[in-house]
Amino acid sequence: MARVTDMTHGRPIRLILLFSLPLMLSSVFQQLYTIVDTIIIGRGVGMQALASIGAADWINWLVLWGLQGFTQGFAILAAQEFGAGAYDRLRRVLAMIIKLSCWFGIAVTIISLLLVRPLLTLLHTDPAVFGGAQTYLYVQFGGSLIIIAYNMAAAVLRCLGDSKTPLLAIIAASFANIALDLLFVMGFGWGIFGASFATVLAQLIAFLLCLRSLRRLPFVQLAKADWKTDPAILLHLCRLGIPTGLQMSMITLGGMVLQSVLNGFGVVFVASYTAANKLYGILESASVAFGYAMTAYMGQNRGARNAARIDAGIRAVLVLSIGFTAAWSGIISGLGRSSGI
């Protein structure tokens, strides 16, 4: 059974901390397997291949963070209905989230595939790495439906108060991704295509594990009536998901400008930046975890109409964020100097 948590009761700082810790570990595991990707590609294919992935990074994040933002926004309404104890409406909301995620996934797949070459050209991508970056992005964007499916399932679980299942799913996906990287890149010699394909398959594994947990929750088992299109719910979901998705995508614009500048320094510089940037991702794990935790916490308490607990939660997360940011900064600074990537 999935480990759902009612966040409308209990000490806010304890709830947020215990909920966030598995999310931090999830983020660390995600970053660790991207670091392993970097090592395998750098040593198994070469520096040019590593630079190709680096040249594609911010374009990839533009789509990936957008999809994460959409699904996280959609799940807010699920958290509100769960906090209110309105399980009948929760099931209708979940059905509409699935429909909307499918529609968004199809649209994003088509649009992103069409924009790969123009965006790489816009960022002044070095001709030496253009083909490899294009291959990497085509595979990633071709798997957009899988990526949005995982993010949707994980977001719903988090908003129901379950942060442990997404952790277990990411751990399994991390090991699968490493094994598939070794098989596809080192064994089959598929190069950049193999590394990108391994990542998509790992996301599929993570989705299936999250889906299995959701199917074990009796109060979210969808009936035929739940699938009837509800325009009011769809509109509400769009009002929550579209701004969140656009906000996440906008964050990447600065990175894309930086990438455009970096591309002018040559393949070696881009490859070095790519390796260093993987470590920086670990630094962000605490802030991302607290963000997800507050989405669930505030969604549930808004549904329960408990404004006092929302205020208490904001104060608690500020204290936790300052402490964890200081600690992570010291740790990652040390890792950056001793890393052998």
Summary of side-chain hydrogen bond (donor to acceptor under 3.5 Å, both in side chains) pairs that have at least one residue in residues 13-24, sequence neighbours excluded: none
With sequence neighbours excluded, residues passing ring-ring contact (aromatic ring centres under 6.0 Å, His included) with F290: F324
Partners passing ring-ring contact (aromatic ring centres under 6.0 Å, His included) against F82 (at least two apart in sequence or in another chain): F219
Do the side chain of [X] and the main chain of [Y] share a donor and acceptor less than 3.5 angstrom apart?
X	Y	result
S112	V108	yes
Q203	T199	no
S249	L62	yes
N177	A173	no
Q300	T5	yes
Q72	A155	no
T165	D162	no

Proximity of F74 and F104 rings by center, below 6.0 Å: yes
Any idea which heavy atoms bring [X] and [Y] closest together, and the distance?
X	Y	value
Y136	A56	CD2-CB, 3.9 Å
C210	A153	CB-CB, 3.7 Å
L120	A55	CD2-O, 4.2 Å
A296	A79	O-CB, 4.3 Å
P12	A312	CG-CB, 3.9 Å
P166	Y150	O-OH, 4.3 Å

Kindly indicate whether the side chain of [X], heavy atoms from C-beta on, has any atom under 4.5 Å from the side chain of [Y].
X	Y	value
N60	F141	yes
F70	M152	no
R117	Y138	yes
L90	V220	yes

Identify every side-chain donor-acceptor pair in residues 92-103 under 3.5 Å, counting partners at least two apart or on other chains, and give the distances.
| residue | atom | partner | partner atom | Å |
| --- | --- | --- | --- | --- |
| K99 | NZ | W227 | O | 2.7 |
| K99 | NZ | T229 | OG1 | 2.7 |
| S101 | OG | I97 | O | 2.8 |

If you measure from [atom1] on [X] to [atom2] on [Y], what distance do you get to the nearest 0.5 Å?
X	Y	atom1	atom2	value
L77	L240	CG	CG	6.0 Å
L160	M7	CG	CE	11.5 Å
L17	M24	CG	CE	6.5 Å
L23	L167	CG	CG	8.0 Å
I147	T71	CD1	OG1	11.5 Å
I242	L237	CD1	CG	10.0 Å

Name the atoms and distances for all side-chain donor-acceptor pairs under 3.5 Å in residues 182-192, with sequence neighbours left out.
none

Is there a chain of hydrophobic side chains (I, L, V, M, F, W, Y, each step under 4.5 Å between heavy atoms) that links [X] to [Y]?
X	Y	value
L113	W65	yes
Y292	L18	no
I233	L235	no
V319	I310	no

Under the side chain to side chain donor-acceptor pair (under 3.5 Å) test, residues paired with [X] that sit two or more places apart:
X	answer
R302	none
Q140	S196
T135	none
N301	R309

With sequence neighbours excluded, residues passing side-chain contact (heavy atoms from CB on, under 4.5 Å) with M294: I16, Y297, M298, I314, V317
Residues S174, I170; criterion side chain to side chain contact (heavy atoms under 4.5 Å, CB included); working and verdict: CA-CA 6 Å; S174 299; I170 282 298; 3.8 Å; yes
Salt bridge (charged side-chain N to carboxylate O under 4.0 Å, His left out) contacts touching residues 64-83 (sequence neighbours left out): E81-R89
Candidate pair V63 and L67, rule side chain to side chain contact (heavy atoms under 4.5 Å, CB included), full reasoning: CA-CA 6 Å; V63 174; L67 293 177; 4.1 Å; yes
Other ILVMFWY residues reachable from I205 by side-chain steps of under 4.5 Å: L209
